[in-house]
Amino acid sequence: MTALAIAADHAGVALKAELVTELRKLGHEVNDLGPDSTASVDYPDFATKLTALVTRGAPPLGILVCGTGIGMSIAANKVKGIRAAVCRTEFEARATRQHNDANVLCLGQRVTGGGVALEIAKAFLAASFEGGRHQTRVDKVKALEVDR
Ligand code: RB5
């Protein structure tokens, strides 16, 4: 089973709660970073909390939920060492782990229903980076992180 962190904004808090419950039932170790209510918050604040842990590898994977998943992914991808992907399908979730070594899955509560989101999260957590030619490409992505 996998250790992961999860966080949301007010527009993703309901889907986050559903995922926390279901992923824990499946045996995953889930660190829920909040929020716990639908009071308005700013998604970059929660992306920052989660990416601070994931960049240290503690835990190595994260899930961020906002209204669309897009704001969270934009914020998370500003952080060195983070490769965040918005996924709408299980195929994308599996492929972004295998090919991009994505370490953060972003979901949109206003876009993806709970049942589908859970299957996407399961696919993301079950897949592994394939390395090889993908390592070369990920290394080139990492090289873009230097200050220019
Ligand atoms: C909040 O209304 C919404 O803008 C946010 O959750 C997210 O969808 C941004 O990308």
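Nothing fancy with the numbering, it's 1 onward along the sequence. Counting convention: from 1, in listed order, for ligands and their atoms alike.
Listed by chain and number, Asp9, His10, Ala11, Tyr43, Cys66, Gly67, Thr68, Gly71, Arg110 each place a non-hydrogen atom less than 4.0 angstrom from ligand 1.
Of all non-hydrogen atoms in Phe124 and Leu61, the two that sit nearest each other are CE2-CD2, 4.2 Å. A pairwise comparison of heavy atoms in Gly71 and Cys66 identifies N-SG, 4.0 Å as the closest pair. Annotation for Ala84 and Ala76: closest pair CB-CB, 3.8 Å, computed over non-hydrogen atoms. Pairing each heavy atom of Ala121 with each of Ile63, the nearest pair is CB-CD1, 4.0 Å.
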Checking Glu92 against Arg88 for the salt bridge (charged side-chain N to carboxylate O under 4.0 Å, His left out) test, could you report, in this order, the C-alpha distance in whole Å, the side-chain angles of both residues, the deciding distance, and whether it holds? CA-CA 7 Å; Glu92 291 169 302; Arg88 310 293 191 215; over 6 Å; no
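Between Leu15 and the choices Ile6, Leu118, Val65, the side chain to side chain contact (heavy atoms under 4.5 Å, CB included) rule is met once, by Val65.
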